[in-house]
Amino acid sequence: MEQATIDTARRSAIVGGAIATAAAVATALPASAAPAGKLHRTASVLTTRDNVEIYYKDWGPRDGQPVVLSHGWPQSADSWDAAAFHLASNGFRVVFHDRRGHGRSSQPWEGNDMDHYADDLAQLIEALDLNNIILAGFSTGGGEVARYVARHGTKRVAKLALVSSVTPLMLKTDSNPNGLPMAVFDGIRAASLANRGQLYLDFASGPFYNYNRPGAKPSQGLILAFYNQGMQAGHKNLYDCIKAFSETDFHEDLKKFDKPTLIVNGEDDQVVPLDAGGRAAARIIKHAKFITYPGAPHGLPDTHREQFNADFLAFAKA
């Protein structure tokens, strides 16, 4: 074979190999490599327009009415598993995600605030093209839902629910005397920096489920599940989120609730005081259905699972 022919064949092989390698690398690129400004999703991960990966679950029949659930701090979507299983088993399509910095989602250093949380939620709803939604938030997730309504409206929403929600404002101020003093949240921040694993164990073993009440029977399963969800999340993200859930004022957000709304609160909620939480929200959302559970703690979707699942399902079907 002539030398020119050999050189041409060699160059073709090299170029062909380079193209094949480039194609393989491109195929292997993670979702986070999606161009900025565009939404990209797989069956379980959404990459937002600012390149944050949001993990989500999508349970139940695809033709069922969508129920979108937002979780509390420091948990993940897993905290909604029992309710989501119940709703999906009754014909609803249930979508629930790990908030940025929580669970299996990305841990961005910045953007751990209610505006970003709400915008991430809006992008997930957009990417899945969900409409006629029953949109519900537990604790911090209630704030996320409220900020979503304020920033994105209720065009895609049929009903709303706030469960043990931080709305309208957790922090005690002159105009919000039933809230908790800043010293409480400073204490949570200090405990997070000192030993966040111990903080999550103590929180779940005490006020979150009211296991610090006389006669309480702690569930090690619930305590460890709470701990594991907290430790899976980003340290900085959860630290920043304390400010987001305690200091964000949702009074004006709640005034924009124009869909049937369910408010659920435990009467012995040690985390979000009833008067600062559900009762105050019900005064703003005058058309809301307000339910309280006697003796129930903050984490009532688990401790009062059967009652809560029945009440939520009845509201969803009504």
Side-chain angles (χ1 to χ4, degrees), residues 67-77 79-80 83 96-97 99 102 113-115 117-118 121 133-151 154 157 159-172 176 178-180 184-185 188 203 207-210 241-293 296-304 307-309 311-312 315-316:
V67 178
V68 178
L69 305 171
S70 293
H71 65 81
W73 177 97
Q75 299 172 289
S76 69
S79 63
W80 274 115
F96 49 130
H97 65 294
R99 181 177 303 112
H102 296 62
D113 55 73
M114 285 295 170
D115 286 354
Y117 299 158
L121 176 59
I133 300 165
I134 300 168
L135 183 59
F138 168 79
S139 194
T140 299
E144 183 178 303
V145 165
R147 187 51 50 93
Y148 170 89
V149 170
R151 289 174 69 84
T154 57
V157 177
K159 298 177 183 178
L160 295 153
L162 302 172
V163 182
S164 304
S165 176
V166 298
T167 52
L169 176 61
M170 281 192 72
L171 182 66
K172 183 177 182 178
N176 190 54
N178 293 317
L180 298 172
V184 171
F185 306 110
I188 297 173
F203 199 42
F208 193 86
Y209 296 115
N210 282 5
C241 189
I242 297 167
K243 178 180 179 67
F245 73 64
S246 64
E247 297 181 41
T248 306
D249 191 330
F250 300 102
H251 282 86
E252 294 302 315
D253 305 57
L254 296 184
K255 292 177 182 178
K256 298 180 180 180
F257 276 43
D258 57 359
K259 302 291 184 178
T261 301
L262 174 68
I263 300 175
V264 180
N265 242 120
E267 293 183 7
D268 191 22
D269 189 329
Q270 299 181 66
V271 178
V272 181
L274 178 61
D275 287 338
R279 190 163 285 149
R283 285 196 294 268
I284 299 171
I285 310 170
K286 299 187 184 303
H287 62 274
K289 180 179 182 181
F290 180 34
I291 301 176
T292 64
Y293 293 176
H298 190 64
L300 63 82
D302 284 314
T303 60
H304 292 62
Q307 183 180 358
F308 174 75
N309 285 348
D311 287 339
F312 195 91
F315 173 73

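Residue numbers count from 1 along this sequence.
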Problem - side chain to side chain contact (heavy atoms under 4.5 Å, CB included) assessment of I284 paired with F257 - result: CA-CA 9 Å; I284 299 171; F257 276 43; over 6 Å; no

Handout entry: Contact check, side chains of S70 and V145, non-hydrogen atoms, under 4.5 Å
Key = yes

Fill in the blank from the handout: Scanning both residues in full, the closest heavy-atom pair of F250 with G143 reads CE2-O, 3.3 Å

Practice task
Measure from the ring center of F138 to the ring center of H298 and say whether it is less than 6.0 Å.
Solution key: yes

Problem - Derivation and outcome, side chain to side chain contact (heavy atoms under 4.5 Å, CB included), residues I134 and F312 - result: CA-CA 10 Å; I134 300 168; F312 195 91; 4.3 Å; yes

Practice task
Provide the closest heavy-atom pair for D113 versus A244 in the form atom of the first, atom of the second, distance.
Solution key: CA-CB, 4.1 Å

Problem - Check: I263 and S165 side chains under 4.5 Å, non-hydrogen atoms - result: no

Exercise for the section: Drop me the distance from H71's NE2 to E144's CD, to the nearest 0.5 angstrom. Expected result: 7.0 Å

Fill in the blank from the handout: Here the pair of heavy atoms bringing N265 nearest to G277 is OD1-C, 4.0 Å

Problem - Distance under 6.0 Å and angle within 45° of ring axis: K289 vs F315 - result: no

Practice task
Determine, step by step, whether L171 and N176 satisfy the side chain to side chain contact (heavy atoms under 4.5 Å, CB included) criterion, reporting the C-alpha distance in whole Å, the side-chain angles of both residues, the deciding distance to 0.1 Å, and the verdict.
Solution key: CA-CA 7 Å; L171 182 66; N176 190 54; 5.6 Å; no

Problem - Validation row: V264, D311 side chains within 4.5 angstrom (heavy atoms) - result: no

Fill in the blank from the handout: So NZ of K159 and CD1 of I133: to nearest 0.5 Å the spacing works out to 13.5 Å

Handout entry: Rounded distance [0.5 Å steps], CG in D269 versus CG in D275
Key = 11.0 Å

Practice task
Compare all side-chain heavy atoms of S139 with those of Q75 and state whether any distance is below 4.5 angstrom.
Solution key: no

Handout entry: Full working for side chain to side chain contact (heavy atoms under 4.5 Å, CB included) between L135 and L121
Key = CA-CA 10 Å; L135 183 59; L121 176 59; 4.1 Å; yes

Problem - Point-to-point distance, once rounded to the nearest 0.5 Å, from NZ of K255 to CD1 of I285 - result: 12.0 Å

Handout entry: Closest approach of A146 to L254 (non-hydrogen atoms, all atoms of both residues)
Key = CB-CD2, 4.0 Å

Problem - Considering all heavy atoms, the nearest P297-H304 contact - result: CD-CE1, 3.7 Å

Problem - From L300 atom CG to Y293 atom OH, the distance as rounded to the nearest 0.5 Å - result: 6.5 Å

Problem - Any donor-acceptor pair under 3.5 Å from H287 side chain to D258 backbone - result: no

Practice task
Could you label the plane-to-plane angle of the F185 and F245 rings as parallel, tilted or perpendicular, counting under 30° as parallel and over 60° as perpendicular?
Solution key: perpendicular

Problem - Side-chain heavy atoms of M114 within contact of T140, under 4.5 Å - result: yes

Completion exercise
Scanning both residues in full, the closest heavy-atom pair of R283 with K286 reads O-NZ, 3.0 Å

Practice task
Taking the side chain as every heavy atom from C-beta outward, state whether D115 and R151 have any pair of such atoms under 4.5 Å apart.
Solution key: yes

Practice task
Give a yes or no answer on whether the side chain of D253 reaches the backbone of V149 with a donor-acceptor pair at less than 3.5 Å.
Solution key: no

Exercise for the section: Look at the aromatic rings of F308 and W80 and report parallel, tilted or perpendicular, splitting at 30° and 60°. Expected result: tilted

Practice task
Report the distance from atom CD1 of I188 to atom CD1 of I242, rounding to the nearest 0.5 Å.
Solution key: 6.0 Å

Exercise for the section: Output yes when a side-chain donor or acceptor of D268 lies under 3.5 Å from a complementary backbone atom of N210, and no otherwise. Expected result: no

